[in-house]
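The structure appears right after this line, and notes come after that.
All values derive from a computational prediction rather than experimental measurement. Below, read A as the first sequence line, B as the second, and so on, with proteins coming before strands; counting in each chain starts at 1.
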Protein chains: 2
Amino acid sequence: MSKRETPTIKDVAKLAGVSIATVSRVLNKLAVVNPETEEKVQKAVAKLNYQPNAVARSLKLNRTKSIGILLPEVSNTFFTEIVEQLEHLLSPKGYALLVCSSENSVDEEKRKLSFLLERNVDGLVIIAVSDEGSHFGDLDVPLVMLDRKIEGLSKDVIVSDNRQSAYDITRRLIGDGRRRIGFLGGDPHVHTSVERYRGFVEALTHHGLPVEERFVLHEGMTMKSGYTLMERALSFEDCPDAFFIVNDMVHIGATSYLMEHAPKSVRHTMVFASFDYLHYAPLLRFCHYAVAQPLEEMAKLAVQILTLRIEGDLTDFPSTTVFQPTIVVMKKSEGELSNGSPPPRFNKEFS
Amino acid sequence: MSKRETPTIKDVAKLAGVSIATVSRVLNKLAVVNPETEEKVQKAVAKLNYQPNAVARSLKLNRTKSIGILLPEVSNTFFTEIVEQLEHLLSPKGYALLVCSSENSVDEEKRKLSFLLERNVDGLVIIAVSDEGSHFGDLDVPLVMLDRKIEGLSKDVIVSDNRQSAYDITRRLIGDGRRRIGFLGGDPHVHTSVERYRGFVEALTHHGLPVEERFVLHEGMTMKSGYTLMERALSFEDCPDAFFIVNDMVHIGATSYLMEHAPKSVRHTMVFASFDYLHYAPLLRFCHYAVAQPLEEMAKLAVQILTLRIEGDLTDFPSTTVFQPTIVVMKKSEGELSNGSPPPRFNKEFS
DNA sequence: TGAAATAATGTAAACGTTTACAATCCATAC
DNA sequence: GTATGGATTGTAAACGTTTACATTATTTCA
């Protein structure tokens, strides 16, 4: 493998017999240049297979055409759906995506943040680890907080109406005649979790139902906690016949516990309502109501705001946009196996 | 928000009353500097909250400390598990991850490849879209092909033994007494798919079983194709009572079709063996045997090879490493609901 | 015909670093 | 007292671009 050096603009200039300024002009098309010269340059470019050096350009222009995205976990399906959308929207605009995981740790989040800043990203999309986010306060890089809000932080925020949706699906459960509804999973420092619990409680109280402490099992947002919490729940003699589940991970854990260990009677009556409607949703057999967040629109708005702020075309105060998710009714009947909705990825069906 | 300029090394030098060379030396610790001077510099750095400009450094050093990762789809769980591992391993070494989706298109793959090259990534991890990968041939950037091999390409390759694993799980089905085993999903241009089919066929023929064309339904690797292929399969009067499924997406589609539409008799006897053992594996109720690829080790090796090649400490011919996956036995009994293995993410259990 | 305007191109500085080399200082040894 | 050398620091070039400004060639028009 010959260690041939990559050609620079100088090489092109020399080969074309022009100055490097002219080459630059041809490549960036921001000044008129004689068609003949242009052709000479293009030929030289083609011959050398020249590719401009983005690093040098970044240094000169003081913008890197890159966006940092900082999220709590890379392998979380919900987050990666967002990343996919962002990539799809940003890459046609010439932006690169620097993906960083804060690994669910505030400290790591701080480290990764300054890592991204050192690299001079033009903008940031943040899915915050927790409500402790003071380190995001003082930056002068365009920054959008996505999915999770941090109270008291003056930044652009894009979230779902977690409280309202939680309220809605809880109400659906009540409307179906469920009276003892448990709550599964949660984290007091995660904005979405707190909001969802709030909506859950509101729905219960508005319908004259008590919030039984015993059945509010909100420790953790992982599959494991879903599994063990459901185990705990089933140990109650008067176990709820319905659960509000805080997110998909907990949901999977809870479902698999039921599949493995619950008696038939429980499996035939148990009903879940939960957040997130992702590609494995059709497998979540106890789920009757799911909250589908409008990820594409949220990502689209994030990109809009970000690019506008980067270009300097948006100097308003930071905005907060709250999207209304749709409620997906996953099955109409109570039959254990009839799952009314088709697989979500290729044919979404909203109520 | 005051548009204060970020301080440069010059500002630090001025404040500390030294030359920029000294500042650089202090920061990079590659030359001895008087302890007193060092302290002055450190103080200035702290006072200005100076962060070195990574772009300028990249230009000078001709390395960006960044790795491009190019994959067919960002939201694919299997791929993102890999990305998570890579991020976890590379970020402590100071590398940034540029994530690009080729969106399952060879053309897009080419575009994204040159996009990454323009940005002077120090290395590349490629999960190829298809076996048409000549565009990867001539680069002089360190490059590792992960998960999918491209025949005839002289690059470092890290894959699972897809053929052997396919053989193994097919054999398990046969060992369980299954005689009519179908094949679900696939793509003639995807290396993993081809290998898996090969292993499947070998297992059948080695055991004297015919490969019935009718039951080899390999069109597509998506959830949708899993859904419709299973529909097609069930329309046969003599539908197989077991299926080899090419990957998780097809698996989800097939499972949800069965959950929705299959008669009880089918649901009680149908058995799947498939690739990929991911976090929603416990929900895949028809799955008896799953191939769990050693993603962490594969990622670890990829990072090792990549960093060695980047440092120039590895100049051997490209190597091909084939990892042996483990077979996860997901349930022992035929009972529809008894899923013997616990949720995978927090307690893997291999046979 | 010549001045002025226009078009096309070139020159050189700048972006923020790293680092080879030069320069200074000071102690030691003769 | 002067040479030697080590320790420390400074100077300036370089990385590959973009772009303000200068320069040259060409056209226009009084």
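- Between B:K43 and B:E39, at least one side-chain nitrogen of the basic residue sits less than 4.0 Å from a carboxylate oxygen of the acidic one, meeting the salt-bridge criterion.
- Of the two residues near DNA chain D, A:I9 and B:N34, the one whose nearest nucleotide lies more 5' is B:N34.
- Nucleic acid contact for B:V18: sugar-phosphate only, since backbone atoms but no base atoms lie under 4.0 Å from a heavy atom of the residue.
- Of the candidates C:dT17, C:dT9, C:dT11, C:dT11 carries the atom nearest the A:A21 side chain, counting heavy atoms from C-beta on.
- Distance A:R63 CZ to C:dG16 P: 15 Å, rounded to the nearest Å.
- Across all strands shown, B:T37 has heavy atoms under 4.0 Å from sugar-phosphate atoms exclusively, and none from any base.
- Taking only distance into account, the side chain of A:K60 never meets the base of D:dT17 through a donor-acceptor pair shorter than 3.5 Å.
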Ignoring hydrogens and angles, write down the donor-acceptor pairs under 3.5 Å from the side chains of residues 19-26 of chain B, residues two or more places apart or on other chains.
| from | atom 1 | to | atom 2 | distance (Å) |
| --- | --- | --- | --- | --- |
| B:S19 | OG | B:A21 | N | 3.4 |
| B:S19 | OG | B:T22 | N | 3.4 |
| B:S19 | OG | B:T22 | OG1 | 3.4 |
| B:S24 | OG | B:N28 | ND2 | 3.3 |

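- At a threshold of 4.0 angstrom between heavy atoms, the contacts of A:N62 with the nucleic acid are absent.
- Comparing A:S19 and A:L61 along DNA chain C, the residue whose closest nucleotide (by nearest heavy atom) sits nearer the 5' end is A:S19.
- Protein atom CD1 of B:I20 is 15 Å distant from nucleotide atom P of D:dA14, rounded to whole Å.
- Distances from the side chain of A:L59 to the nucleotides C:dG10, D:dT17, C:dC15 place C:dC15 closest.
- With no hydrogens or angles considered, a side-chain donor-acceptor pair links B:S319 and B:D156 at under 3.5 Å.
- A:N53 places its CG atom 13 Å from the C1' atom of C:dC15, with the value rounded to the nearest Å.
- Rounded to a whole Å, the CZ atom of B:R25 is 11 Å from the P atom of D:dT11.
- Qualifying side-chain contact (heavy atoms from CB on, under 4.5 Å) partners for A:E311, counting only residues two or more places apart in sequence or in other chains: A:Y95, A:D313.
- Look at CZ on A:R119: it is 14 Å from P on C:dT17, rounded to the nearest Å.
- Rounded to whole Å, the distance from NZ on B:K14 to P on C:dG16 is 12 Å.
- Protein atom CD of B:E36 is 11 Å distant from nucleotide atom P of D:dT8, rounded to whole Å.
- Atom CD in A:E39 sits roughly 16 Å away from atom P in C:dA8 (whole-Å rounding).
- Under 4.0 Å is where a charged nitrogen must lie from a carboxylate oxygen, and between B:E296 and B:K300 no such pair does.
- Under 4.0 angstrom from either OP1 or OP2 of D:dT18 there lies at least one side-chain N or O belonging to A:N28.
- Projected onto DNA chain D by closest heavy-atom contact, A:T22 and A:K10 fall at different nucleotides, the more 5' of which corresponds to A:K10.
- Of the side-chain N and O atoms in A:S24, none sit less than 4.0 angstrom from OP1 or OP2 of D:dT17.
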